[in-house]
Each structure stands twice: as C-alpha cells, then as structure tokens.
Asker: 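Would you mind keeping the following structure in view while I ask a few things?
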Amino acid sequence: MDINNPQNFYHIPENTTFHCYIVNITAENGFWQSENPLTQSLPLLAWQLSIVIMINRLLFYLFKPLGTPRIVTDILGGLVMGPSALSKTYFFAVMFPLRSIFIVETMAYWALTCHLFLAGLEMDMSSIFRSGKKSISIAVVGTLLPFIIGIALHFISNGAKEDPYRSVGCIFWGATLTVTSYPVVARVLADQKLLHTDIGRLAMSISIVSELFTWLLLAVLIPARVNAFNAILSLASTAGFTVFCVTLIRPALGYVISKTANGNKHSEYYLSSIFVLISFFSLVSDMLGTTSIVGAFIFGIIMPNRELASELLEKFDDFVNAYMLPLFFSAVGISLEIWKISNWALALLLIILCCGAKIVSIFLASHYYKLPPQDGFALGVLMNTKGILAFVVLHMGINKSLMREEEYAIMVLSLLLMTGAVPSIISSIYHPSKRHSQYKQRTIQKARPDSEFKFLACFQSNRNVSGMINILDCSNASKESSLNVFALHLIELTGRASAMVIVHNPNKRSNSRKNAYSEQIISSLTTYANLNEFVTVQHLTALSPFATMHEDICSLAEDKEVSFLILPFHKLPTPDGRLEEDGSTSFRGVNLNVLANAPCTVGIFVDRGFGATAESNLAMRQIAMLFIGGPDDCEALSYAWRMSMNHGVCLTVIRFILGDRTDLEVAQAPVGSSQRSVSTNMDKQRRLDDEFVNEFRLKSAGEQFVFYEEKVANNDEELIAALSGMHHVYDLYVVGRGEGMNSVLTAGLMDWCEYPELGAMGDLLVTSSFAQGSVMVLQQYNAYKDEDEDEDENEDEDGTDMVDIEKSTENGREQ
C-alpha cells in the first residue's frame, strides 16, 4: 500500500466499519523523495497552527476599531476556516483532514486546560465575599432565569417531533445562556472607561458571582448527562476534593514555596512541576466525574504565592492564549456549519430570544432594586458577555452527540452576536460626551469659589497620611466651598484578572491583614473628617498593576468630576523629615503617566515633614508661592490663593521678573512657523500672567497674612542666588511645573533636572540644600490652554483692547 496516497488520509470508504489511519509523525526526506510533508502529523500541525494564528490576528486587527472582544474574533476565525466558508475550497479542505482532528482537538483541550488554570490564577476570590446582597441577588436571578429560558428554547427548536436529543440537550442550552465572563466584562468596562463608575463596579460584582455560579452549574450538569445519581456522586466528590485542596494542599504549597524560593525568584523546576500538577489535578477531576478543566481551574485558584502566580502568567500567558488556544477556537469553528440550519426564520427568532434572556432577567432584578431603567438595561447587556466557558459547554455537547448540528450552529451564532454587540451598545448608552457634558471645573482657576471643591488624594503608603491631612486642612474648607475628598489608596496588583476599585464603609472594619494599611488610612481620614464639618471623605482602594494604575486614577478622577488630583512623590518621607534614599521607580512611572493623561489639574506633593509635629499644627503655616509665568504657575497661584483664605496660613507670593523686560521665554520657533507668531504667543501668555497676578493683588490687598514681592533675575544663576538668599523658613513651597514653557530663568536648570515630573523649579527646591520645606508642584489641565488661546485671538482683533490691557498692566505694577 502506498502511504503517500491521499486516499489513505483524506477519504474514508462509506462501507468501512473500522476507520484505520496510517500516522507518521514527520517526513524523513520531504520533497527530496517526492513526499508531501503535510501527509505527516507534525508538519501538518505546524502548518495548521500558523494558518490559524495568522487568520485570527488578521480578524482581530480588522475588528479592533469596533472594540470587538478578542474571543469573538477568535471564534470568527474558526468559523471562517470551517465548512461554513473557506473549507469549501480545496486548500482549506485538505488543511484539516479527518485524521488530524484527533490531534488538533487533543492539543486544543490541553491548551484550554492550561488557559483555565491561568484564569484561576487571575481570579480574585476574595472579591466574591465583598459583593453585597444586591449583587448576589441579581446574579442569582441572572443565572437561574436564563437557565429555565434556555431549556424552554431548546424544546421550541425541536418542536413536537420525537428527538433523542430532547432529554439531555436542553441542559447545554440552559447552561450556555447562564454564562457571564468576568474577564471579558472587565475588559469591556475598561475600554469604555466605566470600570470605576457605579454601574461598572456593580457589573464587576455581578459578573464574578455569576461566573462562580456557572462553574458550580457546570460541575453538576456535566455528570448529570449520564444520570442523576452520577451527578450527586460527582458533585459530592468534587466538593470534597475542593475542600481538601483549600485546607491541606494550599497551605502545603505555601510552605514548600516559602522554604525553597530564593526571594521572589523561582527556579525552572518550579515551573515544570506546576505543569505536572496541572495534569494531576485535571486527571483527578476527570476521574471524579467532572471535566479536566474544573481541576485545572481549582489548582489556579488555590495557588498561595501571588509572586509565583504573576511569574507564571508572565511566562506562559502569551504562549497558551496567543499560540495554543487558537486551536480550540478553530476546533469550534470546524464543528460549526451554518448551512445546516434549515429554518432560518425560526433560527432568527431563537437567536433574538437567546440574546434577550439574560437582558430581561437582569432588567427585572434591577427593577426590583429600583435601579434606573437605563442602568438595568446596560447591566443586562453587560451580563450577556460570554467567554470561553460558554463555548466549552457547547463544544462538549456537540462532541458527546447531545446536541444536533443545527442547534449548535444557532447557539454559536447567538453567542457571537450577543458578545460582539456589547461594546457598541454600552458605548451608545454611556458615551463619554454624555456622561461628562457638565464636567467643566477641571482646574482650580476655573472652579467657582462658592461651589463644592472636589479633591482626589492618592496614598502610596500610610506615611503619606500626615502630610496629606495637613494639605487638606490648608485647602480652606468652608460653608460656601466645602471640601469633598476622595481618598484613594494605591496598591500594586499581581496575578489578578483585572484591576478594581474597592469602596470602603468606614463603619465596617476588616480583620484582614491584607487591608491593614488601608484601615490605618481610613481611620486617620475619618477622624479628620469628623472634626471638620465642611469636609467629607470617601475612602477607596485601587488594586491594579503599576503599568495600568494611571488609567484607574484618571478614570476615577473623571467619573467623580474632581478639580484637583494630588499624587504623592515616589520617595516617601522618613520620620526625621527627610526623603528616603531609594523610592519606588514603578510608582514614579505612575506619576508620569498620570501627568500625561489626567483629566484635571494634577499636583505632586513632595512631603518633607509638612505638619509632622504637634507644634506645627498650632503655629501659623508659612507657605511660599514662586511665580515665573505660564498656565501652570497661574494654577499654582490659584491654589495658593485658596490656601491663603485659611486662618492658619501665612502666604508669601514671590514673582521673578526679568530686569531688562526682554522676552520671558526662549523663542524656539518650530519648523514652518514664523518668529513673529512665537513672539505673539509669548506676549499673550505674559499678558494673561499680569492680569491674573494683578487680580490676586487687588483682591488680597489688606489681608494681614498675605504678602507679595518681586525679585529681579536675568538668568538661572541669579534665580538660584535669589532663592538661596531668602532667609525665611517656609513649611511649603507651591510652584508650577512649567510644562511647555521655556523660560530664560529656568532653561539652564532643565539640563540638570533630576526629576522632570517636578519641573525646573520643583526639582531645584527638592534637590537643593537651601529649601528644607515640602513642595507642591501643580500642572494645569492642558485643554484650557487652547481655549484661552482662542479667546485671546478674538480679543486681538480689537486693537484698543490691547492698549487698554497694557495700560492696566503697567498701572497694576506701579501699585
């Protein structure tokens, strides 16, 4: 028999009872002996992998502008390569011959097992215990009601005809409609910038509870496909195995890892042993009557060492999810043939009903809790987001011949439609322009003096608390302008599915050592708020990786519509009032990212013992505002002005001017622009600076503890000499970052700047020996710079306005 005859590989005679295959792993000589390498198993598998990954990547980039979840494009890739589309051609028909399906599915299920182990590593089970009664109730309704609807739809699809699939196939319909994917929901919310909104937090709580219910349902229903007695035995044994893993295996793993790990570094033997244990847990759960994926998921959840979990995710996530898992999606697509659908009208009706089952269930539960109809509908749409678990259930049903091919096609199309449509629907409901159309007070300078002042204070450690409370105390909370503080504790997150923000209830204390620092911060701020009737504090904790922490901070600032966001400097204060030698470089990156993306004014607070002693709380706080010019300096003056209204603050504003009245900025005209236009822009900014300084001097005239003085300097050396000659000791320096301003006075300082996030003046004050006080560096929300320029252009059209402004400026300076 000729082993190279394609008939022996691609075709099976219909009258053959047994299917026999000649399987060679590799071709020994390939084309050199006129042998087709693709008739061998390993070359064929490599070819299949390359084509699958290429098509999946192509579809992902095509649908990326629509925000389509990755799982949808992956399933579409399998659908495109299956008999519904490209397999009608000869090239793709021979690419997945029948003899190779066994190898493809074996690899696919092994990749799926590893993927669900990694999913268990990412999942934070403690968040389930933080879910409130409302989240759990909505999740229960959103699980049970779709399950009943799915069973009913199964019988509708089969009609009145006798069908052997009727008795068991309904289970897979119901189980599929109950699934909600927690990681996919988190990604959709993050892309739509809704992760830290009220609706986002509620959706995250509901989705993680719903996913846990789905796993429990899966553990019960999969063995129930044989008989009810099997389901009881399987559930009891799986529950016992889970308890055994949590109570004995988890502590044992933690002990072994702590005794053998070298710091946070783990040898390659650890990583290989982890994969051996994945196989062991998968085998045990399979033997107990559930599937192998349940055991892998349990092993991922009980992993005690988060550093090891993070290392495993870093090393294997791309390989498993980007390289191996597409084989599972291709197996799903190959099993699907949409042309098997005979009645398209009924199929369309069933697809609509499947999509509406979860939406209606969640909407009814939300209505019971008196949520707005818009939020109830949005929650239903978000809970319709399906993950890989839904496709696992369907694929299991078609492989066990418990579902007809027509049912399978209808259900897969339903899942693709309901998951793919989620981002577009949510975006139309919660469009950023609609949510923040009234959010105008993004800067301190633009904020109304008789309105509530919203303040987002970030904490890296409990060592930031003392200085931050004194900053709040100096911010002049009054009856006309109360202070609404959102206190955000920033905690690095490793090995979790997604970042989250926890809203704390100060009346409930946690006994967890993990939240000890958050509890200390909460306790201190709550005590301060109780002593100040015009200050309200809301406590939050942000759990996210340093790489994406700035997204959580900026999203929260935009959602809460704050005017001022304060970040602690990455070097923490020591008890003697100094800064620690080695600060967190990762947290420094967070500060830089926030400065680049913030939706409001940002301040970086360098705490060097501001208000650290009891005597300083009773004495007058000495604050100096150093003004050179530019939007950031105007914003810094606005905040210092607000602080000066506090009874315990003595403010000194020092403005540095050029003695010869030359250009304030170094004119660096970009290519294609004229020197005259650059000079005009500098004149406009100087005019705005003079106007604002004159307004401050006029309105603060007569104040006992507000002083203004001017110092002349022509270069950076004279600026440093003027600063070092100030013998007065200040508790706090308030300066602008000077972003985008190339001043003659600070141009040379930028060449030696150690901390660019502080700007030239801030870096000089922090690194010098003559300034011992704390430093607050402000950067104004930059969108208003363009608006101010447009307003100035309109004013420039009238020459008389220019003359009047210049005259008023000179008069103000003489005064």
Asker: Between the main-chain N or O of H570 and the side-chain N or O of R588, is there a donor-acceptor pair closer than 3.5 Å?
Answerer: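 Such a contact is absent between R588 side chain and H570 backbone.
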Asker: Please check this pair: side chain of Q460 against backbone of F587, looking for a donor-acceptor N/O pair closer than 3.5 Å.
Answerer: no
Asker: Can you tell me if S724 uses its side chain to pair, donor with acceptor, with the backbone of A721 under 3.5 Å?
Answerer: yes
Asker: Please check if the side chain of D689 supplies one atom and the backbone of G630 the other of a donor-acceptor pair under 3.5 Å.
Answerer: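 The answer is yes, because a donor-acceptor pair under 3.5 Å joins these two groups.
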Asker: Not counting sequence neighbours, list each pair that qualifies as a side-chain hydrogen bond (donor to acceptor under 3.5 Å, both in side chains) and has a residue in residues 639-654.
Answerer: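 Applying side-chain hydrogen bond (donor to acceptor under 3.5 Å, both in side chains) to every pair that reaches into residues 639-654, excluding sequence neighbours, yields S475-Y639, S481-R642.
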Asker: So, do I471 and L732 sit near enough that their side-chain heavy atoms are less than 4.5 Å apart?
Answerer: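 Yes, side chains in contact.
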Asker: So, do I138 and V209 sit near enough that their side-chain heavy atoms are less than 4.5 Å apart?
Answerer: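 The answer is no; the side chains never approach within 4.5 Å.
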Asker: Return the OG to CG distance between S482 and N476, rounded to the nearest 0.5 Å.
Answerer: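 Between S482 OG and N476 CG, I get 11.5 Å after rounding to 0.5 Å.
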Asker: Check whether N462 reaches the backbone of V465 with its side chain - one donor and one acceptor, N or O, closer than 3.5 Å.
Answerer: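 No, because the side chain of N462 does not come within donor-acceptor range (under 3.5 Å) of the backbone of V465.
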Asker: Mind checking the CD-OH spacing from Q622 to Y733? Nearest 0.5 Å is all I need.
Answerer: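 Those atoms lie 10.5 Å apart.
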Asker: List the atom of S205, the atom of I208, and the distance in Å for their closest heavy-atom pair.
Answerer: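 Reported closest heavy-atom pair: O-CG2, 3.3 Å.
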Asker: Could you go through the side-chain contact (heavy atoms from CB on, under 4.5 Å) check for I469 and L525 one step at a time?
Answerer: CA-CA 7 Å; I469 287 180; L525 291 173; 3.7 Å; yes
Asker: Answer whether the closest heavy-atom distance between the side chains of M761 and L723 falls below 4.5 Å.
Answerer: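 A side-chain contact exists here, since the closest heavy-atom pair is under 4.5 Å.
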Asker: Locate the shortest heavy-atom distance separating D633 from G736; write the atom from each residue and the value.
Answerer: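 Scanning both residues completely, I find the closest heavy atoms to be OD1-CA, 3.2 Å.
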Asker: Counting C-beta onward and ignoring hydrogens, is there a side-chain heavy-atom pair between L379 and L202 closer than 4.5 Å?
Answerer: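 A side-chain contact under 4.5 Å exists here.
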Asker: Mind checking side chain to side chain donor-acceptor pair (under 3.5 Å) for Y755 and listing every partner two or more places apart, or none if nothing turns up?
Answerer: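 Partners of Y755 by the side chain to side chain donor-acceptor pair (under 3.5 Å) criterion, ordered by chain and then number, come out as K571.
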Asker: When you measure from the side chain of D763 to the backbone of E754, do you find a donor-acceptor pair of N or O atoms at a distance under 3.5 Å?
Answerer: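 It does hold such a pair.
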Asker: Rounded to the nearest 0.5 Å, how far apart are CG of D375 and CD1 of I199?
Answerer: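 Going from the CG atom of D375 to the CD1 atom of I199 covers 4.0 Å.
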Asker: Can you find a pair of side-chain heavy atoms, one from F707 and one from C650, that are under 4.5 Å apart?
Answerer: yes
Asker: What heavy-atom pair brings P251 and V246 nearest, and what distance separates the two atoms?
Answerer: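 Distance-wise, the nearest heavy atoms are CD-O, 3.5 Å.
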Asker: Is there side-chain contact between P183 and E211, with heavy atoms separated by less than 4.5 Å?
Answerer: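 Side-chain contact under 4.5 Å: yes.
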Asker: Could you grab the distance from atom CG of L637 to atom CG of D632, nearest 0.5 Å is fine?
Answerer: 12.5 Å
Asker: Tell me whether R621 is salt-bridged to D473, with the criterion being a basic N under 4.0 Å from an acidic carboxylate O.
Answerer: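 Result for this pair is yes, salt bridge flagged.
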Asker: Output, in order, the C-alpha distance, side-chain angles, deciding distance and verdict of side-chain contact (heavy atoms from CB on, under 4.5 Å) for K560 and N484.
Answerer: CA-CA 10 Å; K560 300 302 182 181; N484 189 357; over 6 Å; no
Asker: Look at the aromatic rings of F564 and F455 and report parallel, tilted or perpendicular, splitting at 30° and 60°.
Answerer: perpendicular
Asker: Suppose we screen for side chain to side chain donor-acceptor pair (under 3.5 Å). Which residues come up paired with D716, at least two apart in sequence or across chains?
Answerer: none
Asker: Looking at every heavy atom in both L565 and A557, which two are closest together, and how far apart are they?
Answerer: CD1-CB, 3.8 Å
Asker: I'd like to know if the side chain of N464 and the backbone of S461 have a donor-acceptor N/O pair within less than 3.5 Å.
Answerer: yes
Asker: With side chains defined as the heavy atoms from C-beta onward, is the minimum distance between L472 and V535 less than 4.5 Å?
Answerer: no
Asker: Indicate whether the side chain of E635 and that of T601 have a donor and an acceptor atom separated by less than 3.5 Å.
Answerer: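 Yes, side-chain donor-acceptor contact under 3.5 Å.
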Asker: Give a yes or no on whether the backbone of S555 and the side-chain of D559 come within a donor-acceptor separation of less than 3.5 Å.
Answerer: no
Asker: For S524 and I521, indicate whether the former's side chain and the latter's backbone hold a donor-acceptor pair under 3.5 Å.
Answerer: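 Judged by distance alone, no pair lies under 3.5 Å.
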Asker: Check whether any side-chain heavy atom of I654 lies under 4.5 Å from a side-chain heavy atom of K711, and answer yes or no.
Answerer: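 The answer is yes; the side chains approach within 4.5 Å.
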Asker: Measure the spacing between NE2 of H550 and CG of N597 and express it to the nearest 0.5 Å.
Answerer: 5.0 Å
Asker: Provide the closest heavy-atom pair for C634 versus F627 in the form atom of the first, atom of the second, distance.
Answerer: N-CE1, 3.8 Å
Asker: Test side-chain contact (heavy atoms from CB on, under 4.5 Å) on L626 and L765 and set out the steps.
Answerer: CA-CA 11 Å; L626 309 180; L765 294 171; 4.0 Å; yes
Asker: What is the distance from atom CZ of R187 to atom OH of Y182, rounded to the nearest 0.5 Å?
Answerer: 12.0 Å
Asker: Mind running side-chain contact (heavy atoms from CB on, under 4.5 Å) on L595 and I604 for me, showing each step along the way?
Answerer: CA-CA 9 Å; L595 288 171; I604 296 183; 3.7 Å; yes
Asker: Provide the closest heavy-atom pair for A636 versus V734 in the form atom of the first, atom of the second, distance.
Answerer: O-CG1, 3.6 Å
Asker: Verify, without hydrogens or angle tests, whether S774 (side chain) and R608 (backbone) share a donor-acceptor contact under 3.5 angstrom.
Answerer: yes
